[in-house]
Amino acid sequence: MKEQSSLGSTLVKKLTGNLAATIVVGTTLVLAVVIGVEGGPSQVINSIVTGGMWALLAVGLALVFGVMNVPHFAHGESFMVGAYVAYFVFNPIHTSLKENPNTFLGVTAPFLAMLAAAVAGLILGVILERLLFYPLRLKTKSGWVMNAFLLTVGISFILTNGTTLTLGPNFRGIPRYWDVPPLQVGSVRVAVDRIIAFFIAIISIVALWFFLRQTRTGRAIRAVSQDELGAQMMGINLNFIYPLTFALATAMAALSGASLLFMFQAYPTVGLKPLYFAWYVVMLAGLGNVVGAIVGGFIVAVLQSATQLFTFTVTVLGHEFQIGGIAWEDVIPTFVMIIVLLVVPSGIFGSEVKGVQEQ
Amino acid sequence: MLQLKNLDASYGFLQILWDVSLHIADGEFVGLIGPNGAGKTTTLRTIAGLLKPMKGEVLFKGHKMNTVPAHETTRMGISYISEDLNLFVDMSVRENLLMGAYIVRDQQKQLETLDFVYELFPRLKEREGQLAGTMSGGERKMLAIARGMMSNPLLLLVDEPSLGLAPHLVTDVFKSLRRLQETGVTLMLVEQRVNATLEITDRAYVMEQGRIVMEGPSSELMTNEHVKAAYLGI
Amino acid sequence: MASIEMERKNDASPLGAITAAMKRIGISPLGLVLLVVVALLPLIPPFNQEHMVRWLIMGAFLAAQAIAFDFTAGYINVVNFGFAALLGLGAYTSAILANKSPVLMVQPGLSPWIGIWIGAIVAGLVGLGLGWLTLRLRGIFAAVMAWFVGIALMGLVRNLTPLTRGPLGMNPSSLLNTTANLPYYYIILIMMLAVYVSLRLVTESHYGLAFKAIGQNLDAARASGINPTRYRVFNFALSSLFAGWLGGFYAHYYGSLTPQTLMHTSKTVEVLALVYIGGRGSMWGGMFIAFPFVFFIEYLRSNLTELPGLHLVIYGLLMVLVMILYPDGLAGLYNWAVEKIKGLGNSG
Ligand SMILES: Nc1ncnc2c1ncn2[C@@H]1O[C@H](COP(=O)(O)OP(=O)(O)O)[C@@H](O)[C@H]1O
Ligand SMILES: [Mg+2]
């Protein structure tokens, strides 16, 4: 009579009885505490906020791969599109608000911007799927995964450079969405933008989880990811599920781009870093694994904070090498990843549906 | 209910079915027997819309089905239970069954059918919450058959349900198919167990090397010299 | 250039013997003609202008990269997404070894003619490690892992400022004591040929078959007794070795190195696009297309300076179109045409 397991119990099940996961999660927690002591609690809160966003992005990646078998390399560009849309919706409102203040609009405008970004993501997702992946599917007889991957590389190139071409390489950003003082949480002051960004990530992930578990269409999506042929035999139309899945993933990425606009700003290559970390999460947690993606998101964010926070210098032949700091953000995690993959090649949570490892 | 007219089908350049014609009347229980690799599965896949025929016609209740995609054939009332089962391994038994009723929008109706298949396969009810991927071979078979019934099909195509099943379970499965026929479902059964198939079906076709080589009432086929020699080992 | 699988009767004439010998190293008669044309091009106006020669050098440089890249992508079906970083590794190794400037930590002052080889070996060794690391990963995850490693390498180069001057970049010494471009052109052309012929020799041997088998179906390859480990690692290492070697040329020809211009993922994508447009698995497709492509892109760039990034959009568009409309690329088209012509010949 237990039809669905709850998010929490699944999580616990995943963590216990898996040595690699336990070690990595344990280390992460210790690291988080050390970060808290060394860098102050605000650092920990930062990691939690970014962790939520990496998780949201990674869930999209995992979904697209699990259902459509597409290793999505243009996911960062969905993030970029979201950031731009949010900027272009929010900025005019914000400017006009300076002349005639309006509390209601001041509070809701950011949400409007994010909503617009999510809707733009949905539309972009459907268009890309119908325009590009659909014909590719008809054309490809073998080697679909690699072809789809290369297609997304092409899409990424077009979107990034097309944006440079039309909007220029300059940054468009906002200092903050809400002009209110930071909240006092215990002894720490946290910007409202961050808190809301975090809740948007969590709410989106939980909503997605319930959608996939509890609704007819959501179940159909999972069915396709588990057995495509079986799903068709149940009467599920792949030409409905594919665009829907791709649109959902794109919308989630666009939403994170929008809600993090105050942190990342909008510029053509803004998606590269989110893409990198989202893929990082997915490699770490194993694809097709939503719960893994959530935990992985936080692990990666903590690792990232630790890299930024702890720096030391090595002197060789009278020259100083600085190790650590923000410039090492894409170096040290890779080395950690290499070590993890050497020990557990299919990601720390293994993969139920589609393994990373060659069988 | 169903009619195949001079059907040719192929995988790529490799033609498998040659000029296959057969028909199934409403409420009939028809068998399709033949050696391994004869093209029985291919025939079912073509009917189910998973494979487009090269030539000839598939007619279902008078509709031409040649280019109807698999998910549409299901919606029109054809349910195909494949050899590979194609279960959703990370879903529970109950979720799998509900997926089977994906095209049934009426929740009440879904639950009624669920009760019906649980009655038919009590073991599935006991294992309701278990993940399909963790079940035994026999249980999976049952689940696949039960799931195939969940869409309330008009025509049920069953591909080798006895394959890899313990003998007493085979009897169970065959009994449940018989019961299904009694509820008005039309059935087509592909089997290697020729004897048992001819015992429960009304009529049967024999397929060899992609062609229908013989057809007739099952009772007559059972006494046929060729069938006896080639399939019954008499 | 075009290695055509043309069935030619090997008559005993000297011409026949030469054709046969050329065929063994993957050069068909038509390819030979094209090669001669490309070699003579910088002597003929308007191609003898210095900027045109520079374009030709760029073309040969990209062509050589495309061959080395296709050796991995087209054969074992793993996209080495860290390719540009390995190229940069070779370039930086050689540049550091050649350094004489006291600004940097070390001043070995080694001749670039030697440094280039050491750079190649270093890149080859890292490629070996990368091949080994990604061994157990499915094709796509191997690509992603290579991407991570590439990003990390670029980050290292950026961060180890006492060695590399970081984002400021290095100014390595020149390979030749001349400002003329033409000698460099012949050097890179010979390098390109060397890459092509050596990799051709490998793919024409039993290695080629094993690579293709692994690329198409790893399990089936394993079942038929091929040990994927050895082949995949070897393939990665060899391809990276050549990447590093070419990087050395870049360093000592352009005389300016920054992590961003050489090692960035988008540099890999440019090569990848060439390979796919040219026809993956053909070796010659990307090489062939590189020359006209560079001319087209550079022409655009010099005429449309107000549209930065247009050439990259074109790269992306062409790649997407090729994937969707004609996944076999130019080489596939060529083979199809040859088949057609042969068919006509037979029936006529
Ligand atoms: N996907 C496929 N691609 C190519 N050939 C296939 C495929 N599936 C089956 N075949 C071939 O088609 C023939 C008929 O197969 P099948 O219909 O499965 O026979 P049966 O179900 O009667 O044992 C066999 O020779 C088999 O090898
Ligand atoms: Mg069969």
Side-chain angles (χ1 to χ4, degrees), chain A residues 65 71 73 132 135-136 139-140 142-143 145-151 153-165 168-169 268 272 276 279-280 282-283 287 316-323 325 327-335 337-338 341-342 345-346 354-359, chain C residues 73 77-79 81 104-106 133-145 147-149 151-156 158-163 166 215-216 218-219 228 265-266 269-270 272-273 276 307-327:
Chain A
F65 190 77
F73 197 76
L132 301 179
L136 183 69
K139 206 84 189 182
T140 302
S142 66
V145 175
M146 203 42 101
N147 283 357
F149 175 67
L150 294 163
L151 186 63
V153 171
I155 294 172
S156 159
F157 230 56
I158 294 173
L159 287 179
T160 332
N161 296 301
T163 309
T164 314
L165 203 61
L272 195 59
Y276 172 80
W279 264 108
Y280 196 97
V282 154
M283 294 282 281
L287 266 174
V316 186
L317 297 173
H319 288 265
E320 287 190 346
F321 287 89
Q322 202 202 28
I323 316 275
W328 288 79
E329 194 176 59
D330 49 9
V331 181
I332 290 173
T334 300
F335 285 111
M337 168 66 92
I338 289 173
L341 280 188
L342 283 180
S346 48
K354 275 158 188 155
V356 173
Q357 199 181 356
E358 196 92 56
Q359 298 308 315
Chain C
N77 204 15
V78 175
V79 173
F81 234 56
L104 296 185
M105 191 173 99
V106 288
L133 182 72
T134 56
L135 204 70
R136 288 129 92 201
L137 303 179
R138 275 206 299 199
I140 189 59
F141 298 98
V144 174
M145 197 61 221
W147 180 50
F148 284 164
V149 170
I151 288 178
L153 278 177
M154 185 171 130
L156 272 180
R158 204 182 49 227
N159 293 335
L160 298 177
T161 39
L163 273 177
Q216 271 159 18
L218 194 87
D219 294 325
T265 312
S266 63
V269 176
E270 285 174 26
L272 184 150
Y276 274 77
L307 291 178
L310 179 65
H311 66 289
L312 297 175
V313 175
I314 291 172
Y315 264 112
L317 274 177
L318 272 175
M319 196 170 145
V320 165
L321 286 179
V322 166
M323 295 302 304
I324 293 179
L325 300 178
Y326 205 80

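Here is the naming used below: chain letters follow the sequence lines, and residue numbers restart at 1 for every chain. Worth knowing before you read on, the calculation uses all heavy atoms, side chains too, and leaves out hydrogens, waters and symmetry mates.
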Greatest number of non-hydrogen atom pairs under 4.5 angstrom with chain A, of C:L318, C:L312, C:V320, falls to C:L312

* Start with the C-alpha gap between C:M319 and C:L272, add the side-chain angles, then the distance that decides, and say whether side chain to side chain contact (heavy atoms under 4.5 Å, CB included) holds. => CA-CA 9 Å; C:M319 196 170 145; C:L272 184 150; 3.0 Å; yes

Honestly, the part of C:M145 sitting under 4.5 Å from a heavy atom of chain A is both

Of the listed A:M146, A:E329, A:Q322, A:M337, the one with the largest count of heavy-atom pairs under 4.5 Å with chain C is A:M146

CH2 of A:W279 to CZ of A:F65, rounded to nearest 0.5 Å, is 6.5 Å

CZ of C:F148 to CZ of C:F81, rounded to nearest 0.5 Å, is 11.5 Å

Output for pair (A:Y280 OH, C:W147 CH2), nearest 0.5 Å, gives 12.0 Å

Pair count under 4.5 Å, heavy atoms only, with chain A: among C:L321, C:L156, C:V322, C:T161, highest is C:L156

Counting heavy-atom pairs under 4.5 Å with chain C, the top scorer among A:I332, A:V331, A:L136 is A:V331

Heaviest contributor of heavy-atom pairs below 4.5 Å to chain A, chosen from C:L317, C:T265, C:I314, is C:L317

Can you list the steps and then say if C:V149 with C:L133 is a side chain to side chain contact (heavy atoms under 4.5 Å, CB included)?
CA-CA 10 Å; C:V149 170; C:L133 182 72; 4.3 Å; yes

Those residues at least two apart in sequence (or on a different chain) that pass ring-ring contact (aromatic ring centres under 6.0 Å, His included) with C:Y315 are C:F293

If one checks every heavy atom of A:I338 against chain C at 4.5 Å, the contacting part turns out to be both

If one checks every heavy atom of A:F73 against chain C at 4.5 Å, the contacting part turns out to be side chain

From the list C:A142, C:S266, C:A73, the residue making the most non-hydrogen contacts under 4.5 Å with chain A is C:S266

Applying a strict 4.5 Å limit to non-hydrogen atoms, the region of A:F335 in contact with chain C is side chain

Okay, C:A143 and chain A: the region with an atom under 4.5 Å from a heavy atom over there is side chain

Highest number of heavy-atom pairs under 4.5 Å with chain C among A:L272, A:L132, A:I323 belongs to A:L132

Scanning both residues in full, the closest heavy-atom pair of A:A148 with A:P71 reads CB-CD, 4.2 Å

If one checks every heavy atom of C:L325 against chain A at 4.5 Å, the contacting part turns out to be backbone

Given C:N159, C:I151, C:V313, the one with more heavy-atom pairs under 4.5 angstrom with chain A than any other is C:N159

Interface check, chain A: of C:P327, C:G316, C:G155, most non-hydrogen pairs under 4.5 Å belong to C:G316

Under 4.5 Å to a heavy atom of chain A? For C:V78 that would be backbone

Checked A:I155, A:V153, A:V145, A:T160 vs chain C; the most non-hydrogen pairs under 4.5 Å come from A:V153

Between the CD atom in C:Q216 and the CG atom in C:N77, the distance rounded to the nearest 0.5 Å is 8.5 Å

